[in-house]
Asker: 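Just passing along the structure, written as structure tokens.
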Amino acid sequence: LGSIGPNERYYIKVQSEMASVYLTARNDKRMYINCYRRLADARPSIQSFLLLGDAYMRVQEPQKAITIYQSALEQNPSDTTLASKIGKAYITTHDYNKAIEYYESAVKSSPSTKGTSLRHELAELYTKLKKF
């Protein structure tokens, strides 16, 4: 698998499979993250940043995931999926005030049809915190 280069067609799939092996078979979180970091370095795109951010979340490093998701969001500010992931990562860190601020800001800046899921997540957070 390591012989597949970044310019080859199946590079993303190969890096994902290698990462999976490192995490599940070898329990090596560092190499798991490195697979996705190599991918993001070789093919910087929203997709590769999403994969890297998700990898950080999977190994319980939400602060690093937030940084990566924010980098991706700079490339596409209207992406509500990224906004949702950032909000959820803040919740994971138990920084609820930051999550609320983030969701409120994202809801204000997103169009009404795309921001529906963000509004729902914000409402769930308010309910969880008993802030009605």
Side-chain angles (χ1 to χ4, degrees):
L1 291 176
S3 65
I4 305 294
N7 296 327
E8 295 189 47
R9 184 174 164 184
Y10 297 105
Y11 184 70
I12 294 172
K13 181 70 173 161
V14 166
Q15 288 300 312
S16 296
E17 289 299 320
M18 281 178 36
S20 179
V21 168
Y22 280 121
L23 188 62
T24 56
R26 295 187 177 177
N27 199 25
D28 189 339
K29 293 177 183 179
R30 185 183 58 80
M31 289 303 294
Y32 171 72
I33 293 296
N34 281 342
C35 287
Y36 289 109
R37 187 174 290 122
R38 276 194 306 271
L39 174 60
D41 289 344
R43 290 189 173 179
S45 67
I46 291 173
Q47 179 189 11
S48 61
F49 286 127
L50 263 173
L51 291 170
L52 179 57
D54 290 349
Y56 276 122
M57 287 298 290
R58 187 160 181 199
V59 297
Q60 275 101 47
E61 293 192 34
Q63 283 302 125
K64 291 180 181 178
I66 290 168
T67 302
I68 298 299
Y69 290 147
Q70 287 173 334
S71 297
L73 193 60
E74 288 172 9
Q75 293 179 21
N76 186 5
S78 63
D79 190 331
T80 56
T81 300
L82 284 167
S84 173
K85 287 181 178 283
I86 293 170
K88 289 175 183 175
Y90 277 126
I91 292 169
T92 302
T93 65
H94 303 285
D95 193 345
Y96 300 114
N97 290 329
K98 192 87 163 186
I100 288 170
E101 288 174 22
Y102 185 80
Y103 275 124
E104 286 176 347
S105 172
V107 164
K108 286 178 187 173
S109 65
S110 60
S112 60
T113 55
K114 287 190 174 187
T116 304
S117 63
L118 294 175
R119 286 179 180 80
H120 185 261
E121 289 173 27
L122 177 59
E124 285 180 344
L125 179 57
Y126 277 135
T127 302
K128 180 179 180 177
L129 299 175
K130 299 183 184 345
K131 290 188 176 185
F132 340 104

Asker: Strictly distance-based, threshold 3.5 Å: is any side-chain N or O of R43 a donor or acceptor partner for the main-chain N or O of P6?
Answerer: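 Looks like yes, one N/O pair under 3.5 Å.
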Asker: For Y69 and G53, work out which heavy atoms get closest and say how close.
Answerer: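 Closest approach of Y69 to G53, heavy atoms only: OH-C, 3.2 Å.
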Asker: With hydrophobic residues grouped by side-chain heavy-atom distances under 4.5 Å, do I66 and L51 end up in a single group?
Answerer: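 I66 does not cluster with L51.
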Asker: First locate atom CZ of R58, then atom CG of L23, and finally report the distance between them rounded to the nearest 0.5 Å.
Answerer: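 Spacing of CZ (R58) from CG (L23) equals 5.0 Å.
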Asker: Could you check whether E17 pairs with K13 (Lys NZ or Arg NE/NH1/NH2 to Asp/Glu carboxylate O, under 4.0 Å)?
Answerer: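 A salt bridge links E17 with K13.
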Asker: Search all heavy atoms of L125 against all heavy atoms of A99 and return the closest pair with its distance.
Answerer: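 Answer, listing the atom of L125 first, then A99: CD2-CB, 3.8 Å.
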Asker: Ignoring hydrogens and geometry, is there a side-chain-to-backbone donor-acceptor pair from E104 to E101 under 3.5 Å?
Answerer: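 No, because the side chain of E104 does not come within donor-acceptor range (under 3.5 Å) of the backbone of E101.
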Asker: According to a 4.5 Å side-chain heavy-atom criterion applied to Ile, Leu, Val, Met, Phe, Trp and Tyr, with indirect links allowed, do M18 and Y11 form part of one hydrophobic cluster?
Answerer: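 Yes.
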Asker: With clusters defined by side-chain heavy atoms of hydrophobic residues (ILVMFWY) lying less than 4.5 Å apart, directly or transitively, does Y36 cluster with L50?
Answerer: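 They do not share one cluster, since no chain of ILVMFWY contacts under 4.5 Å joins L50 to Y36.
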Asker: When you group the ILVMFWY residues by side-chain heavy-atom contacts below 4.5 Å and let the links chain together, are M57 and L39 in the same group?
Answerer: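 Unlinked, L39 and M57 end up in two clusters.
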Asker: Identify, with sequence neighbours excluded, every residue that meets ring pair (Phe, Tyr, Trp, His ring centres under 6.0 Å) alongside Y126.
Answerer: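 Testing Y126 for ring pair (Phe, Tyr, Trp, His ring centres under 6.0 Å), a comparison that skips the adjacent residues, returns none.
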Asker: Quick one: OH on Y103 to CD1 on I91, what's the gap to the nearest 0.5 Å?
Answerer: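 Atom-to-atom, Y103:OH and I91:CD1 are 4.0 Å apart.
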Asker: Please report the closest heavy-atom contact between V14 and I4, naming both atoms and the distance.
Answerer: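 Closest heavy-atom pair between V14 and I4: CG2-CG1, 3.8 Å.
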Asker: Say you draw a straight line from NZ of K29 to CD1 of I33; how long is it, rounded to the nearest 0.5 Å?
Answerer: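 Rounded to the nearest 0.5 Å, the NZ-CD1 separation comes out at 9.5 Å.
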Asker: So, does S20 use its side chain to make a donor-acceptor pair with the main chain of S16 at under 3.5 Å?
Answerer: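 Here the side-chain-to-backbone pair does not exist.
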Asker: With sequence neighbours excluded, what pairs up with S45 under the side chain to side chain contact (heavy atoms under 4.5 Å, CB included) test?
Answerer: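 Applying side chain to side chain contact (heavy atoms under 4.5 Å, CB included) to S45 gives Q47, S48.
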Asker: Under the 3.5 angstrom rule, does the side chain of S109 hit a backbone N or O of A106 as a donor-acceptor pair?
Answerer: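 Checked: pair present.
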Asker: If you round to the nearest 0.5 Å, how far is OG1 of T67 from CG of L52?
Answerer: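 Reported value, rounded in 0.5 Å steps: 10.5 Å.
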Asker: What's the spacing between M31 CE and Y22 OH if we round to 0.5 Å?
Answerer: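 With rounding to 0.5 Å, CE (M31) is 3.5 Å from OH (Y22).
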Asker: Looking only at non-hydrogen atoms, find the nearest pair between F49 and A72 and report the distance.
Answerer: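 So the minimum-distance heavy-atom pair works out to CB-CB, 3.6 Å.
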Asker: Could you give the distance from OH (Y102) to CD (E121), rounded to the nearest 0.5 Å?
Answerer: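 It is 10.5 Å, given to the nearest 0.5 Å.
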Asker: Using the rule side chain to side chain contact (heavy atoms under 4.5 Å, CB included), only one of L73, N76, T81 pairs with I46; which is it?
Answerer: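 Per the side chain to side chain contact (heavy atoms under 4.5 Å, CB included) rule, the option paired with I46 is N76, out of L73, N76, T81.
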Asker: Is it true that L129 and L118 fall in one hydrophobic cluster, defined by side-chain heavy atoms closer than 4.5 Å?
Answerer: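 In one cluster: yes.
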